A.B. asks: 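Okay, handing you the structure first.
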Amino acid sequence: MINFYSSINKDLNQKTTKLIQVLLFSVVNVLIFNLIFSNANTMNSFEDEIISLASHYNFFTSLNFDAEPLIPYNFGVGLTSGPLSAIGGVLGWGLTKNFVVARISNFYYVCLLQIIFSIFIAKEYKLEFKNLVIFSTIQITLVPWWFGSLYSIGEVASTIIFFNSLLLFHKYRNISMFLIGSSIILGMFKLIVPFISFYGSYLVISLLKNTKIVIFFKDFFYFLIPFICWYLLIILKTGFDYFMKYIVDFA
């Protein structure tokens with residue numbers, strides 16, 4: 001009899017816990033949607049948003065990365081937010097031609113990125129996935145520059161990819177190096193600075209431990225794949241002469 005009541009009590013506790021989690025997740029998402037919807041409707045458009053949305057829309061519809069006449073040249077160095085920055089915004093704009101929908105869509109694209117990474121992080125670090133998703137969703141809006149996700153500029157999306165790839169580096173090494181490279185060349189190039197700090201420190205420690213040097217060549221192979229693809233695309237779209245000018249101007 002005692003075991004029977006204990007089993008019922010345990011089952012009720014599990015159901016109560018699940019109900020609380022569902023309610024918490026629902027409340028958090030309603031509050032966040034209201035915050036996003038309100039800001040998406042009241043924020044003024046500014047030049048960087050128009051440049052980002054125009055260049056990314058052109059890229060995903062024609063593989064031309066341009067926002068002329070605001071920024072001259074196809075694949076101009078003035079386009080500092082790469083294609084990973086605005087996939088949600090491009091989708092929202094393509095379907096509705098509405099800035100508010102594009103802003104909301106891009107925010108949820110950023111959330112989707114974090115949720116996908118959370119699946120692997122929860123598995124790797126043995127964390128509760130549902131709690132991690134709730135925490136991650138709230139965390140995005142706590143970052144002071146989270147508004148960038150509404151404007152389709154690159155800081156938030158590329159930083160999410162970069163930071164989570166660092167967390168997964170030891171478990172998914174090749175994919176992490178590929179994603180880190182992508183977050184830099186297809187997101188925000190300024191992330192090269194924390195990458196140099198991270199990998200430089202790792203390289204020194206590994207060499208002191210007599211790690212085989214072939215591992216580092218393999219790392220850089222996966223890291224450079226996005227760079228090679230991006231540069232080949234520039235050459236195909238603009239020619240080799242412009243590509244050399246692009247490299248000089250970028251440096």
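Only heavy atoms go into these numbers, but all of them, side chains included; no hydrogens, no water, no symmetry mates. None of the values given here were measured: they were computed from a predicted structure.
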A.B. asks: Sequence neighbours left out, what pairs pass side chain to side chain donor-acceptor pair (under 3.5 Å) with at least one residue falling in residues 185-207?
C.D. replies: Arg173-Tyr202, Tyr199-Asp219
A.B. asks: Quick one: list whatever passes side chain to side chain donor-acceptor pair (under 3.5 Å) with Tyr172, sequence neighbours left out.
C.D. replies: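 Per chain and number, Tyr172 pairs via side chain to side chain donor-acceptor pair (under 3.5 Å) with no residue.
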A.B. asks: Can you hop from Phe240 to Ile228 via hydrophobic side chains spaced under 4.5 Å?
C.D. replies: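 Same cluster: Phe240 reaches Ile228 through Ile, Leu, Val, Met, Phe, Trp or Tyr contacts under 4.5 Å.
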A.B. asks: Not counting sequence neighbours, list each pair that qualifies as a salt bridge (charged side-chain N to carboxylate O under 4.0 Å, His left out) and has a residue in residues 33-43.
C.D. replies: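 Residue pairs with at least one partner in residues 33-43: there are none.
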A.B. asks: Answer yes if the ring centres of Trp230 and Phe243 are under 6.0 angstrom apart, and no otherwise.
C.D. replies: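 No, the ring of Trp230 stays outside the 6.0 Å limit from the ring of Phe243, centre to centre.
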A.B. asks: Please find the pair of heavy atoms, one from Ala67 and one from Ala54, that lie closest to each other, and give the distance.
C.D. replies: CB-CB, 4.2 Å
A.B. asks: Taking side chain as C-beta onward, heavy atoms only, is Val101 less than 4.5 Å from Trp93?
C.D. replies: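 A side-chain contact is absent here, since even the closest heavy-atom pair is not under 4.5 Å.
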A.B. asks: What pair of heavy atoms forms the shortest contact from Phe227 to Gly181, and how long is it?
C.D. replies: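 Taking every non-hydrogen atom into account, CE1-O, 3.7 Å.
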A.B. asks: With sequence neighbours left out, what residues match Phe216 under ring-ring contact (aromatic ring centres under 6.0 Å, His included)?
C.D. replies: none
A.B. asks: Parallel, tilted or perpendicular for Phe75 and Phe65, by the 30°/60° rule?
C.D. replies: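 Geometry flag for Phe65 against Phe75: tilted rings.
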A.B. asks: Please report the interatomic distance CD1(Ile153) to OG(Ser158), rounded to the nearest 0.5 Å.
C.D. replies: 10.0 Å
A.B. asks: Would you name the heavy atoms of Gly89 and Ser152 that are closest together and state the gap between them?
C.D. replies: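 In this case the closest contact between Gly89 and Ser152 is CA-OG, 4.0 Å.
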A.B. asks: For the CG atom of Asn106 and the CD1 atom of Ile87, what is their distance to the nearest 0.5 Å?
C.D. replies: 8.5 Å
A.B. asks: Please tell me whether Leu179 and Phe198 are part of a single hydrophobic cluster in this structure, the criterion being side-chain heavy atoms less than 4.5 Å apart.
C.D. replies: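 Yes, Leu179 connects to Phe198 through the hydrophobic network.
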A.B. asks: Can you tell me if CG on Leu207 sees more than 12 non-hydrogen neighbours from other groups inside 6.0 Å?
C.D. replies: yes
A.B. asks: Determine whether more than 12 heavy atoms belonging to other residues, nucleotides or ligands lie under 6.0 Å from atom NZ of Lys212.
C.D. replies: no
A.B. asks: Give a yes or no answer on whether the side chain of Ser149 reaches the backbone of Phe107 with a donor-acceptor pair at less than 3.5 Å.
C.D. replies: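 Not confirmed, Ser149 side chain does not pair with Phe107 backbone.
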A.B. asks: Tell me, which pairs form a salt bridge (charged side-chain N to carboxylate O under 4.0 Å, His left out) where one or both residues lie in residues 46-63, sequence neighbours left out?
C.D. replies: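 Listed by first then second residue: Glu49-Arg103.
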A.B. asks: For a quick test of your reading: what N or O donor-acceptor pairs under 3.5 Å do the side chains of residues 78-86 make, sequence neighbours left out?
C.D. replies:
residue: Ser81; atom: OG; partner: Gly154; partner atom: N; Å: 2.9
residue: Ser85; atom: OG; partner: Gly82; partner atom: O; Å: 2.8

A.B. asks: Under 4.5 Å between side-chain heavy atoms, counting indirect links through other Ile/Leu/Val/Met/Phe/Trp/Tyr residues: same cluster for Ile215 and Leu203 or not?
C.D. replies: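 In one cluster: no.
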A.B. asks: Which pairs with one or both residues in residues 231-246 pass side chain to side chain donor-acceptor pair (under 3.5 Å), sequence neighbours excluded?
C.D. replies: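 Found Lys245-Asp249.
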A.B. asks: How far does CG of Leu112 sit from CD of Gln114, to the nearest 0.5 angstrom?
C.D. replies: 10.5 Å
A.B. asks: As a test of understanding, state which of Phe162, Phe223, Phe163, Phe169 forms a ring pair (Phe, Tyr, Trp, His ring centres under 6.0 Å) with Phe195.
C.D. replies: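 By the ring pair (Phe, Tyr, Trp, His ring centres under 6.0 Å) criterion, Phe195 pairs with just one of Phe162, Phe223, Phe163, Phe169: Phe223.
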A.B. asks: Drop me the distance from Ile161's CD1 to Leu166's CG, to the nearest 0.5 angstrom.
C.D. replies: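 It comes to 12.0 Å.
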A.B. asks: Restricting to non-hydrogen atoms, name the atom on Gly94 and the atom on Tyr57 that form the minimum distance, rounded to 0.1 Å.
C.D. replies: CA-CE1, 3.8 Å
A.B. asks: Within a strict 4.5 Å, meaning less than it, do heavy atoms of the Leu191 and Pro194 side chains meet?
C.D. replies: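 The answer is yes, as the side chains (C-beta and beyond) meet within the 4.5 Å cut-off.
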A.B. asks: Are Ile184 and Val193 connected in a single hydrophobic cluster, I mean Ile/Leu/Val/Met/Phe/Trp/Tyr linked by side-chain heavy atoms less than 4.5 Å apart?
C.D. replies: yes
A.B. asks: Within this structure, what is the CD1-CD1 distance for the pair Ile225 and Ile185, rounded to the nearest 0.5 Å?
C.D. replies: 14.0 Å
A.B. asks: Rest of the hydrophobic cluster containing Leu95 (Ile/Leu/Val/Met/Phe/Trp/Tyr, side-chain heavy atoms under 4.5 Å)?
C.D. replies: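 Members besides Leu95, by chain and number: Leu91.
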A.B. asks: Could you give all pairs that pass the salt bridge (charged side-chain N to carboxylate O under 4.0 Å, His left out) test and reach residues 105-114, with sequence neighbours left out?
C.D. replies: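 Sorted pair list comes back empty.
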A.B. asks: Using the side chain to side chain donor-acceptor pair (under 3.5 Å) criterion, which residues pair with Ser62? Sequence neighbours excluded.
C.D. replies: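 Testing Ser62 for side chain to side chain donor-acceptor pair (under 3.5 Å), a comparison that skips the adjacent residues, returns Asn64.
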A.B. asks: Kindly give the cluster partners of Val204, where membership spreads through any ILVMFWY side chain lying under 4.5 Å from a current member.
C.D. replies: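 When side chains under 4.5 Å apart are linked, the cluster holding Val204 also contains Leu208.
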A.B. asks: Is there a path from Phe250 to Leu233 through hydrophobic residues (I, L, V, M, F, W, Y) whose side chains come within less than 4.5 Å of each other?
C.D. replies: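 Same cluster.
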A.B. asks: Where is the tightest heavy-atom contact between Leu53 and Ala102, given as atom of each residue plus distance?
C.D. replies: CD2-CB, 4.4 Å
A.B. asks: Could you state the interatomic distance from CD1 (Ile50) to CD1 (Ile71), rounded to the nearest 0.5 Å?
C.D. replies: 12.0 Å
A.B. asks: Would you find a donor on one side and an acceptor on the other, under 3.5 Å apart, between the side chain of Ser183 and the backbone of Ile180?
C.D. replies: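 At least one qualifying donor-acceptor pair exists.
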A.B. asks: In chain order, what residues pass the side chain to side chain donor-acceptor pair (under 3.5 Å) check against Ser52, with sequence neighbours excluded?
C.D. replies: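 His56.
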A.B. asks: Search all heavy atoms of Tyr73 against all heavy atoms of Asp66 and return the closest pair with its distance.
C.D. replies: O-CB, 4.0 Å
